[in-house]
Amino acid sequence: MIRRVLPHDLGRGLLTRRPGTRRGGFSLGKVEDDRGHCGSGLSPTSDCVSFRTRNHGPHWQDNWDGKVSEIKKKIKSILPGRSCDLLQDTSHLPPEHSDVVIVGGGVLGLSVAYWLKKLESRRGAIRVLVVERDHTYSQASTGLSVGGICQQFSLPENIQLSLFSASFLRNINEYLAVVDAPPLDLRFSPSGYLLLASEKDAAAMESNVKVQRQVGAKISLMSPDQLRNKFPWINTEGVALASYGMEDEGWFDPWCLLQGLRRKVQSLGVLFCQGEVTRFVSSSQRMLTTDDKAVVLKRIHKVHVKMDCSLEYQPVECAIVVNAAGAWSAQIAALAGIGEGPPGTLQGTKLPVEPRKRYVYVWHCPQGPGLETPLVADTSGAYFRREGLGSNYLGGRSPTEQEEPDPANLEVDHDFFQDNVWPHLALRIPAFETLKVQSAWAGYYDYNTFDQNGVVGPHPLVANMYFATGFSGHGLQQAPGVGRAVAEMILKGRFQTIDLSPFLFTRFYLGEKIQENNII
């Protein structure tokens, strides 16, 4: 019974590492309820995840509106001459029941919703609700991204995710087409990524490219001479080696992908609600590990959704909660009690994701590199790419830990470009000495302070909360693969297409980092 509560064999492996387990196995012992009685698992009422099918069709709201209209007509016929406003319109409220509640309506949350409906056993079998507090997406990471996609990562899992995303984006209208709607145009620019390495980083780059090629990415290594021949506008001083993506790399319109996903999932019957998740109502069960240490398993039964600009909230009964709240996902995890426990224990392990502010600057330079220019990542960490056809460019640089700006707002520090970005750009691209900054914006990374990699799959103690967060800047490009992985875990109990077990939450408790070396 415990395996049904903790998918992917997490119920078998909670606290004690088994010998020979690559990334941390655990073993669970006996179960003790609040009265001290022992058993082999949770009660039948708390250990099963069932998907309701009653009134779950895509036209449930239309049926309800029709019933309300009929009732109004009957009341009006009884009280002739009087307008009927006795029944308040509740169409803005979330439903009272949903099988899956997804917290966060960015590309990761929408991708999970898409794949849940795509992989469901029959049309309308699963009722999915997406809760997004910012319906304008004005602060969402998706719309503020530079929209890049590449396969030049150091971890096989990240390479596989981006390879699948490239295929997804290339065939976007096969996945997201909606009847009678115009086709999507992502405006994909297949110009590739060009990463530059200094002498001290050259060996690591060579090792990374070997892994990338083994996984299936088309990456070329270039010497300084080869680099100058292909891109004569680059100053190769301090460059020992370069890697260049020859296929399925470049950039696209992230807003188009967001709107395409939203349009598609709505056509599949996914419900949307503008509001903020403020509380989880859950039950708990005390358990004992094999060494007689007590832990508490939780299961969320209701999600409280507070309406925008109102004190009103709606409780939504649910079987599954997906935490795709991006930079704010740690707050959602804390609402579920994650991290509330003694330090050094699984119960006391927090979700290590926090908002980090990143600046993107747009500049004009008529003498700058031409249309064949890839996205260039310098040895200093500064990067840039072309934006459109009018000699415009955009770029920036991730700050060091000492330079991290206050994430309380999205105001732009223009001095950061002048002091920390432009000098590196001008050194690498001499034409940029005369650039003129035109505009700038700031956006959030859902920054995983532990190892800058995503968190995917279920929590080991809050059994029905799943994560799709913490990607530290590469979540947009990996969203199609991550959404599919989370849906597989929810519906099938395991990862099927890409094994993302290294990205499970348990690594934070075990202290097992899976460091990604190529984060721009």
Side-chain angles (χ1 to χ4, degrees), residues 2 5-6 8-19 21-34 36 42 103 277-300 321 323 325-356 401-402 404 406-408 445-472 501-516:
I2 294 175
V5 180
L6 303 177
H8 201 61
D9 293 338
L10 291 178
R12 280 206 311 252
L14 199 56
L15 290 180
T16 307
R17 197 189 312 230
R18 294 198 305 270
T21 304
R22 183 169 71 96
R23 284 192 169 98
F26 303 94
S27 61
L28 253 182
K30 54 190 175 181
V31 178
E32 180 177 330
D33 63 22
D34 292 335
L42 301 182
V103 186
V277 172
T278 58
R279 185 188 175 202
F280 295 116
V281 178
S282 59
S283 62
S284 60
Q285 180 89 14
R286 284 199 312 141
M287 304 184 69
L288 294 179
T289 65
T290 51
D291 54 356
D292 289 331
K293 291 183 178 179
V295 294
V296 177
L297 281 182
K298 289 186 176 181
R299 175 170 291 279
I300 299 169
V321 174
N323 186 343
W328 299 273
S329 54
Q331 299 173 19
I332 299 301
L335 287 178
I338 293 172
E340 294 179 359
T345 67
L346 188 55
Q347 282 181 247
T349 302
K350 300 179 185 293
L351 178 66
V353 176
E354 62 183 42
R356 293 283 181 95
E401 286 293 327
Q402 294 74 29
E404 281 291 349
D406 183 1
Y445 274 12
D446 51 338
Y447 192 81
N448 176 355
T449 60
F450 184 74
D451 58 14
Q452 292 78 62
N453 271 297
V455 190
V456 184
H459 188 272
L461 297 181
V462 183
N464 59 338
M465 174 170 277
Y466 291 72
F467 297 104
T469 186
F471 283 87
S472 307
S501 299
F503 293 168
L504 290 170
F505 182 95
T506 46
R507 75 183 192 269
F508 305 136
Y509 166 67
L510 295 171
E512 296 179 345
K513 293 185 178 183
I514 49 166
Q515 200 73 43
E516 172 56 62

Holding to ring pair (Phe, Tyr, Trp, His ring centres under 6.0 Å), I want the full list of residues that pass it with Phe505, two or more places apart in sequence or in another chain.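 With sequence neighbours excluded, Phe505 shows a ring pair (Phe, Tyr, Trp, His ring centres under 6.0 Å) to His459, Phe467, Phe508, given in chain and number order.
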Answer yes or no: is there a side-chain heavy-atom contact under 4.5 Å between [X] and [Y]?
{"X": "Val321", "Y": "Ile332", "result": "no"}
{"X": "Ser282", "Y": "Val462", "result": "no"}
{"X": "Pro458", "Y": "Asn464", "result": "no"}

Can you tell me how far [atom2] of [Y] sits from [atom1] of [X], rounded to the nearest 0.5 angstrom?
{"X": "Ser283", "Y": "Leu297", "atom1": "OG", "atom2": "CG", "result": "9.5 Å"}
{"X": "Gln331", "Y": "Leu351", "atom1": "CD", "atom2": "CG", "result": "11.0 Å"}
{"X": "Asn323", "Y": "Ile338", "atom1": "CG", "atom2": "CD1", "result": "7.0 Å"}
{"X": "Glu512", "Y": "Phe450", "atom1": "CD", "atom2": "CZ", "result": "8.0 Å"}
{"X": "Glu516", "Y": "Asn453", "atom1": "CD", "atom2": "CG", "result": "5.5 Å"}
{"X": "Asn448", "Y": "Thr469", "atom1": "CG", "atom2": "OG1", "result": "8.5 Å"}

Test side chain to side chain contact (heavy atoms under 4.5 Å, CB included) applied to Val296 - qualifying residues, sequence neighbours left out: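 Side chain to side chain contact (heavy atoms under 4.5 Å, CB included) list for Val296, sorted by chain: Ser284, Arg286, Lys298, Gln347.
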Would you list the pairs meeting salt bridge (charged side-chain N to carboxylate O under 4.0 Å, His left out) in which at least one residue belongs to residues 449-471, sequence neighbours left out?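 Those involving residues 449-471 are Asp451-Arg507.
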Give me each pair satisfying salt bridge (charged side-chain N to carboxylate O under 4.0 Å, His left out) with a member in residues 338-351, each pair once, sequence neighbours excluded.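 Salt bridge (charged side-chain N to carboxylate O under 4.0 Å, His left out) check on residues 338-351 returns no pairs.
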Glu404: what forms a salt bridge (charged side-chain N to carboxylate O under 4.0 Å, His left out) with it, not counting sequence neighbours?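 Expected list: Arg356, Arg358.
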If I compare all heavy atoms of [X] with all of [Y], which pair ends up nearest, and what's the gap?
{"X": "Ile300", "Y": "Ala336", "answer": "CD1-CB, 4.2 Å"}
{"X": "Pro355", "Y": "Ala327", "answer": "CD-O, 3.3 Å"}
{"X": "Pro460", "Y": "Thr506", "answer": "CG-CG2, 3.8 Å"}

Pairs in or reaching into residues 327-346: which pass ring-ring contact (aromatic ring centres under 6.0 Å, His included), with residues at least two apart or in two chains?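 Qualifying pairs: Trp328-Tyr444.
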Does Asp446 use its side chain to pair, donor to acceptor, with the backbone of Gly470 at less than 3.5 Å?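 Yes, the answer is positive, given that a donor and an acceptor are paired below the 3.5 Å cut-off.
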